[in-house]
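Okay, structure first, notes after.
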Amino acid sequence: MDYLKNLNEMQKIAVTSFGKPILIFAGAGSGKTRVLTHKIAYLVDQMGMPPENILAVTFTNKAAKEMKNRVDSLINGFDVSKINIGTFHSISALFLRKNIYLLGYEPGFSIYDQDDSSKLVKNAIKSLDLDTKQYNFKNISYLISSLKNKMIYPNEYEKITSEYREIKIAKIYEKYQNDLKESNAVDFDDLLLLPLEIFEKFPEKLLEYQKKYQYVLVDEYQDTNKPQFKFISSITENHKEICVVGDDDQSIYGWRGADIQNILDFEKSFLNAKIIKLEQNYRSTSNILNAAHSVVSKNLNRANKKIWTDNKKGELIKIIECVDEQNESLKLLKNLKKIKDDNKSKFSDFSVLYRTNSQSRILEDYLRRNAIPYVIVGGVKFYDRKEIKDVIAYLRLIVNNSDLISFERIVNFPVRGVGKTSVKKIIDYANEKSINVFDSLKNLGEINIGQKQKKSLKIFRKLIEEASDNSDKYDILSIVKELIKSIGLKEYYLDQGTDDSYDRWSNVNELINSIEDYTNKFPDLKLIDFLEEVSLLSDIDRWNDESDAVTLMTLHSAKGLEFPYVFIAGVEEGLFPLYSSIDDVEQLEEERRLFYVGVTRAEKQILLFHSNSRRRFSGERVPTIKSRFINEIPDKYLDYEKRSFIENKVPHLSYNEKNTSETFIEGDRVLHKVFGRGRVLNVQGIGGESKVTISFSGNQIKKFILKYANLVRI
DNA sequence: CTTAAATACTTTTTT
DNA sequence: AGTATTTAAG
């Protein structure tokens, strides 16, 4: 009970109010995580609610994990692990594993990511004999996703339009949805929609879950979409025991279907609701807060509130004008070093944020060249690499034989002499007989393809079937190792002998390592659980925040995080806000909120960088001007860096430069001062200039220039 | 059917 | 600029 002492008056009210729907407007840095964890603790400890009857939805899996730990440290004698905490997507996935049979899917369904989905859309376009140039599969895939987010189904979409093209798109949409089911697969949107379909068709299921989830908490409520709203409002329909936390000023996922009206209209959707505002910020200096507020308050569509703080004024917001992106990276680096030296801070106290992932490359170059340790969140994802997706496709097909996209991906990988024409014949046959592609391999006699092809397909079929049979008997690691051996993946990559193929094999090796970790950590979990984790873990979830390194990420990824020092790169018209947002009031307001999110991540100091020119497409250099968002901050909060002579040279910083005479080879165990113990995966080049690829614990792969890396052999 | 060369596409953010 | 997909040659 004494844990309530650590809360302010408003927070206390928020924690101890029950009996009606509650909306907590929690401004940036106002301690909402604290409120949520205390509320859960209070529910269990004081209200006597069994942990298993609580449902808490967070925005990332990382946040879910942290929340569990924090609740656990607040109360004793309860099994906190029974609380249902997770993202909407992971909670739905769990629900569907148990209940999707009601809709005629198998429990081993695959979860398709954007890439898989758009491939399936492409198939649909082709099989409807539409022109692939006129009907761009990626655009249409995106469109279908936004329709699903708005809960508009194919037949409804067809009804609301009379345009030829849109009617065709409705057909594609319909075919796509059928093909998904044929493949026993769901996309990210289905994950949210199918539970609703089950609730509608099987009211007893809804009743069951209404009883199970007696109290529902939702974090980051401003970023929920229509299906998510429906999910929580159905669950709480009877008891109305719901508490949502959010900040309309931080709604930044509108483009993904998030509806800011969910939070603004909460009182209309949940009658008799209690609204609580947490307006005291404990995170940032008042300069940071005032600057951020002065920008976001330009938005018209927002709830009226003003965040305040007792914290001291702090440093002004530094505005740094640069010549181009190289100069920007350079100045960023110099400022980072200066602040670090002046304050004796750690690298991990710094975060560099940007609007687009493509901005990270040049920043990375400069940091690496100057031996500044850094980690990048997002960007080119490990699990998006081709070689990794290939192995994952095998695993998926083993779990779910109906998975068409995975089948197409690997039926001829590594090459087994089955070309496009043969694959097409097999798929056509399967369609004709309405069986799944994999089953059609059992009737090869009826398909008109060559003997050689039939022979290797038979081997392929046996391979998958045996693995499927074994998938329950053996642990994940053994299955994967056996698989890689039998398809000869190592030989396939190493025989090519190129740098590229070598890299790819190291990545596959890294996947094996991470599977080994996973198997050790969760010996009882099955292949299907691993695949689900791979599909649903976000970039932030995979971020290892333990190492002392500067964190680079997009503004979107930074939501919910905080750092003492935050640098935002590329604060220019056209980039932030983006060109495409400038003419659209709603989109511009969302960019402004994104700016607000970025600035309020900072505790002590924020620096905004903008360049006078930037390379836009491939080669063209475009003049750029500073963002309107900077102009929207009153001058009294700003400190324009004095324009000194322009240094545009790559600095020659030698303090970390060492002449390493030591050379390393693959397999060497090494120690790095930031990342700790690791293993050398690959060495490219000779001497100090050579690049070494090293894998560290936690599935981290890093590349270094040897002479800057300060590696010690162990 | 496979490999190499040519062409297309990308850079807005992500579960 | 770099990768992915498509096309042409073998």
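We name chains A, B, ... by the order of the sequence lines, and we start the count at 1 in each one.
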From the options [options], select the nucleotide whose nearest atom is closest to the side chain of [X].
X: Gln453(A); options: dT15(B), dC1(B), dT13(B); result: dC1(B)
X: His556(A); options: dT12(B), dT14(B), dT7(C); result: dT14(B)
X: Ser358(A); options: dT11(B), dT15(B), dT12(B); result: dT11(B)

Checklist entry - Can any side-chain N or O of Gln359(A) pair as donor or acceptor with the backbone N or O of Thr356(A) at less than 3.5 Å? => result yes
Checklist outcome for this item: By nearest-heavy-atom nucleotide on DNA chain C, the more 5' of Lys386(A) and Lys133(A) is Lys386(A)
Checklist outcome for this item: Note: for Arg361(A) and Lys420(A) on DNA chain C, the residue whose nearest nucleotide lies more 5' is Arg361(A)
Item to check | Along DNA chain B (nearest heavy atom to each residue), the more 5'-positioned of Val423(A) and Glu591(A) | outcome: Val423(A)
Checklist entry - Of Thr421(A) and Ile540(A), whose nearest nucleotide on DNA chain B comes first from the 5' end? => result Thr421(A)
Item to check | Identified salt bridge (charged side-chain N to carboxylate O under 4.0 Å, His left out) counterpart of Glu632(A) within the set Arg592(A), Lys298(A), Lys626(A) | outcome: Arg592(A)
Roughly how many Å is it from [atom1] in [X] to [atom2] in [N], rounded to a whole number?
X: Phe137(A); N: dT6(C); atom1: CZ; atom2: C1'; result: 12 Å
X: Asp189(A); N: dT14(B); atom1: CG; atom2: P; result: 16 Å
X: Asn149(A); N: dT14(B); atom1: CG; atom2: P; result: 16 Å
X: Leu561(A); N: dT14(B); atom1: CG; atom2: C1'; result: 15 Å
X: Phe59(A); N: dT15(B); atom1: CZ; atom2: P; result: 8 Å
X: Asn139(A); N: dT11(B); atom1: CG; atom2: C1'; result: 15 Å
X: Tyr142(A); N: dT11(B); atom1: OH; atom2: P; result: 13 Å
X: Asp541(A); N: dT14(B); atom1: CG; atom2: P; result: 13 Å

Can you tell me if the side-chain N/O atoms of [X] get under 4.0 Å from OP1 or OP2 in [N]?
X: Asn357(A); N: dT14(B); answer: yes
X: Ser538(A); N: dT15(B); answer: yes
X: Asn412(A); N: dC1(B); answer: no
X: Ser557(A); N: dT13(B); answer: no
X: Lys122(A); N: dT6(C); answer: yes
X: Ser535(A); N: dT15(B); answer: no

Checklist entry - What's the spacing between Glu197(A) CD and Met151(A) CE if we round to 0.5 Å? => result 9.5 Å
Item to check | From Leu191(A) atom CG to Tyr112(A) atom OH, the distance as rounded to the nearest 0.5 Å | outcome: 14.0 Å
Next on the checklist: Using 30° and 60° as the class boundaries, would you call the ring planes of Tyr518(A) and Phe530(A) parallel, tilted or perpendicular?
Outcome noted: perpendicular
Next on the checklist: Does Ser422(A) reach a base, just sugar-phosphate, or nothing at all? Heavy atoms under 4.0 Å.
Outcome noted: sugar-phosphate
Next on the checklist: Give the residues of residues 248-258 of chain A touching DNA chain B, defined as any heavy atom closer than 4.0 Å, sorted by residue number.
Outcome noted: Tyr253(A), Trp255(A), Arg256(A)
Do the numbers put [X] on top of the ring of [Y], so that NZ or CZ is under 6.0 Å from the six-membered ring centre and no more than 45° off the axis?
X: Arg593(A); Y: Tyr596(A); result: no
X: Arg97(A); Y: Phe109(A); result: yes
X: Lys389(A); Y: Tyr383(A); result: no

